[in-house]
Amino acid sequence: MRIYIAEDEPLAAQKLQLFLQKLGEEDTSVFDNGAQLVDALTSSPTPDLLFLDIQMPELTGIEVLKQLQQQGQMSGEIGLKVIITSAYDQYAIDGFNFGVTDYLLKPYTLDRLRQALSKVHPGPVVSIRVDGRTMPIRVNDIVSLAAQKDYTEFTLSDGRKLMTLGTLTGFEQQMPAMLFARIQRSYLVGLKHVKNFNSTVVSLSTGEELPIGRTYRDSFRQALKALT
């Protein structure tokens with residue numbers, strides 16, 4: 001997930017980045033004034049999430065929200081998600097009137113940040129442990145899962161591969177049954193990421209081709225048909 005942080009206090013920005021890293025979110029960019037932030041939002045690809053401080057040079061957080069609303073960047077479910085971070089609670093009503101996702105009152109804890117992030121991820125989320133850290137993963141981003149003895153390898157829509165301790169069967173039980181299907185004893189695929197298939201191979205959105213077992217063909221076809 002691409003995250004922008006608008007924060008003019010370096011220590012506050014560093015703390016937020018550290019917390020986000022602990023939660024598996026490392027794609028962050030920091031902006032220390034409102035005008036710089038607005039320029040980035042209009043000239044670069046829109047991020048998935050913006051952490052917005054209220055008291056900033058040049059443009060305040062509320063002024064940034066006004067501009068985003070005028071530009072239609074916060075409209076509906078596909079709009080930019082914004083979480084306000086502020087040491088002052090008097091701006092909460094204004095923020096929610098602009099449709100922000102959450103309001104973090106400084107100083108906040110890691111658990112409070114985790115709670116805020118849970119409101120951002122669209123659809124169901126599964127949490128896995130990778131390199132000693134807990135990572136929330138959107139179920140819709142999971143292309144496939146592969147059994148690796150006592151571990152399971154997740155392949156995501158952005159091409160990442162994440163290895164975590166736990167059996168494929170265990171993770172299969174956590175997935176929405178209508179969105180995933182086994183194609184072999186060692187493979188579970190996200191049906192939304194299936195591009196095409198034949199009697200021996202399933203082609204996925206990442207370009208990967210995985211073998212399909214003969215005993216799984218009929219149930220796989222039925223699951224794919226039910227989804228469409």
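This one's a predicted model, so the numbers in the text were calculated from it and none came from an experiment. We're numbering straight along the sequence, starting at 1. Values below: all heavy atoms of this structure, side chains included; hydrogens, waters and symmetry mates excluded.
- Hydrophobic clustering, defined by side-chain heavy atoms of Ile, Leu, Val, Met, Phe, Trp and Tyr closer than 4.5 Å, groups Leu165 together with Tyr151, Met163.
- Across all their heavy atoms, Leu117 and Glu25 have their closest contact at CD1-CG, 4.5 Å.
- To the nearest 0.5 Å, atoms CD1 (Ile212) and CZ (Phe220) are separated by 5.0 Å.
- Between Asp89 and Lys106, none of the side-chain N atoms (NZ, or NE/NH1/NH2) sits under 4.0 Å from a carboxylate O, so this pair counts as no salt bridge.
- With a 6.0 Å radius and a threshold of 12 heavy atoms from other residues, nucleotides or ligands, Phe96 has its CZ atom above the threshold.
- Counting heavy atoms from C-beta outward, Asp158 and Asp141 have side chains that stay 4.5 Å or more apart.
- Smallest separation of non-hydrogen atoms from Lys15 and Pro107: NZ-CB, 4.0 Å.
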Please walk me through it: do Lys22 and Thr134 pass side chain to side chain contact (heavy atoms under 4.5 Å, CB included)?
CA-CA 7 Å; Lys22 290 181 177 180; Thr134 299; over 6 Å; no
Test Leu104 against Ile84 for side chain to side chain contact (heavy atoms under 4.5 Å, CB included), laying out the working first.
CA-CA 6 Å; Leu104 292 179; Ile84 289 179; over 6 Å; no
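- Side chains of Tyr108 and Gln115: a donor-acceptor N/O pair is absent below 3.5 angstrom, by distance only.
- Atom CG of residue Asp8 and atom CE of residue Met56 lie 7.5 Å apart, to the nearest 0.5 angstrom.
- With a 6.0 Å radius and a threshold of 12 heavy atoms from other residues, nucleotides or ligands, Asp131 has its CG atom at or below the threshold.
- Here Leu65 contributes atom CG and Thr60 contributes atom OG1; the two are 8.0 Å apart, rounded to the nearest 0.5 Å.
- Screening residues 162-191 for ring-ring contact (aromatic ring centres under 6.0 Å, His included), with sequence neighbours left out, gives Phe154-Phe171.
- Applying the ring-ring contact (aromatic ring centres under 6.0 Å, His included) rule to pairs touching residues 15-65 yields Tyr4-Phe31, sequence neighbours excluded.
- Counting heavy atoms of neighbouring residues, nucleotides and ligands inside a 6.0 Å radius, atom CD1 of Ile93 does not exceed 12 of them.
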Contacts table for residues 192-203: side-chain donor-acceptor under 3.5 angstrom, sequence neighbours left out:
unit_1, atom_1, unit_2, atom_2, d
His193, ND1, Ser205, OG, 3.0
His193, NE2, Asn140, O, 2.8
Asn196, OD1, Ser203, OG, 3.1
Asn198, OD1, Thr200, N, 2.9
Asn198, OD1, Thr200, OG1, 3.1
Asn198, OD1, Val201, N, 2.8
Ser203, OG, Glu209, OE2, 3.4

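- In this structure, Lys66 places its NZ atom where only 12 or fewer heavy-atom neighbours from other residues, nucleotides or ligands lie under 6.0 Å away.
- Pairs passing the salt bridge (charged side-chain N to carboxylate O under 4.0 Å, His left out) check and including a residue from residues 144-154, sequence neighbours excluded, do not occur.
- Looking at Asp48, its side chain does come within 3.5 Å of a backbone N or O of Arg2 through a donor-acceptor pair.
- Closest non-hydrogen pair, Pro47 versus Leu80, comes out as O-CD1, 3.4 Å.
- Note on Val189 and Tyr216: separate hydrophobic clusters, where clusters join Ile, Leu, Val, Met, Phe, Trp and Tyr whose side-chain heavy atoms are under 4.5 Å apart, directly or indirectly.
- A side chain to side chain contact (heavy atoms under 4.5 Å, CB included) with Glu7 is found for exactly one of Asn33, Leu16, Leu37, Thr85, namely Thr85.
- The stretch residues 171-191 participates, sequence neighbours left out, in these salt bridge (charged side-chain N to carboxylate O under 4.0 Å, His left out) pairs: Glu172-Arg182.
- Atoms NZ and CD1, on Lys119 and Ile83 in that order, are 8.0 Å from each other to the nearest 0.5 Å.
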Check against side chain to side chain contact (heavy atoms under 4.5 Å, CB included), Leu52 and Val64:
CA-CA 9 Å; Leu52 181 63; Val64 169; 4.3 Å; yes
Going through the checks in order, is the side chain to side chain contact (heavy atoms under 4.5 Å, CB included) test met by Ser144 and Leu204?
CA-CA 9 Å; Ser144 65; Leu204 301 172; 4.1 Å; yes
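- Between the side chain of Thr206 and the main chain of Ser157, no donor-acceptor pair closer than 3.5 Å is present.
- Heavy atoms only, all atoms of each residue included: Val143 and Leu156 are closest at CG2-C, 3.6 Å.
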